[in-house]
Participant: 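Take this structure first; my questions come after.
Chain identifiers are assigned alphabetically (A, B, ...) following the order of the sequence lines, protein sequences preceding nucleic acid strands; residue numbering begins at 1 within each chain.
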Amino acid sequence: QKEVEQDPGPLSVPEGAIVSLNCTYSNSAFQYFMWYRQYSRKGPELLMYTYSSGNKEDGRFTAQVDKSSKYISLFIRDSQPSDSATYLCAMSVGNNRLAFGKGNQVVVIP
Amino acid sequence: DTAVSQTPKYLVTQMGNDKSIKCEQNLGHDTMYWYKQDSKKFLKIMFSYNNKELIINETVPNRFSPKSPDKAHLNLHINSLELGDSAVYFCASSRALSGNTIYFGEGSWLTVV
C-alpha cells in the first residue's frame with residue numbers, strides 16, 4: 001500500500017461547479033498536509049498548507065484534514081477554467097521529506 | 001523574479017551520455033531538493049541538501065550525483081544515461097530542514113533516446 005493514495009481522475013466539471021478532491025494516507029505520524037497545483041509543463045505550486053486536523057479557507061479554496069480517518073480534502077468553489085490543472089496532495093511528519101499523491105487532473109469546462 | 005530556476009528546461013540526449021541540470025534559488029533558503037516526476041505524474045524525492053550537506057539520499061542509482069557548491073545552488077549530474085531516466089526533474093527549496101512548505105522550479109524535461 002502506498003503511503004498516500006489519490007485517485008488520478010481526470011475530473012471534468014462545468015464552470016461554476018464545486019470541485020472536490022481527496023487523498024487518503026496510511027502513516028498516522030503525518031502532521032503537515034499540503035495541496036499543490038500543477039499546470040501543464042510547469043512546476044508544482046503550493047496552494048494550501050494545513051497543520052494537523054481542521055479546516056483552512058483561502059478565497060475559493062478550502063482544505064480539510066481528518067486525521068482520525070486519515071483523509072484530506074480540497075474544495076474549489078465557483079470553479080473557473082483557470083483552475084484546470086493537476087492537483088497533488090502532499091504530507092509530512094515534520095521533516096523535509098514530503099510524500100505525494102499521484103495527482104488528480106481537473107478540467108473545468110467553460 | 002524567478003524564485004527557483006533550473007536549466008535546461010528541455011534536454012534530449014542519447015543513451016550513454018552524461019548530462020547535468022543546474023538549479024539556483026534566490027529565496028535565501030537553507031534546504032534544496034531534487035524530485036523526479038515520472039510519466040504517470042508521480043513525484044518522488046531523490047536528494048535533499050541542507051547548507052551544502054547531503055541530508056536525504058533516496059534509493060537512487062549511483063549514476064546520479066548531486067553537487068551543492070553553496071546553499072543557493074544544487075546541481076544534478078547524471079552519468080551513462082538510460083532510457084528509464086526519461087522524466088521531469090524538479091529542483092525545489094525550503095526555508096529550513098523541517099521545511100514543509102517547499103517551492104518548486106519549473107522542471108527539466110529529460111528525454112533519453
Participant: Do W109(B) and Y10(B) have ring centroids that are under 6.0 Å from one another?
Facilitator: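 They qualify: ring centres under 6.0 Å apart.
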Participant: I need the residue from E45(A), R41(A), M91(A), Q38(A) with the largest number of non-hydrogen atom pairs under 4.5 Å to chain B.
Facilitator: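 Looking at each option in turn, the highest pair count goes to R41(A).
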Participant: Q105(A) versus chain B, heavy atoms under 4.5 Å apart: side chain, backbone, both or neither?
Facilitator: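 Neither part.
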Participant: Pick one of side chain, backbone, both or neither for L43(B), based on which atoms fall under 4.5 Å of a heavy atom in chain A.
Facilitator: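 Both parts, backbone and side chain.
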Participant: Quick check: F64(B) with H77(B) (ring centres under 6.0 Å apart)?
Facilitator: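 They do not qualify: ring centres at least 6.0 Å apart.
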Participant: Between R63(B) and D85(B), is there a salt bridge with N-O shorter than 4.0 Å?
Facilitator: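 Yes, charged N to carboxylate O under 4.0 Å.
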Participant: Is it the side chain or the backbone of K44(B) that comes within 4.5 Å of chain A heavy atoms, both, or neither?
Facilitator: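 Neither part.
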Participant: Can you tell me how far the NZ atom of K70(A) sits from the OG1 atom of T24(A), to the nearest 0.5 Å?
Facilitator: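 Answer for the NZ-OG1 pair, K70(A) versus T24(A), is 10.0 Å.
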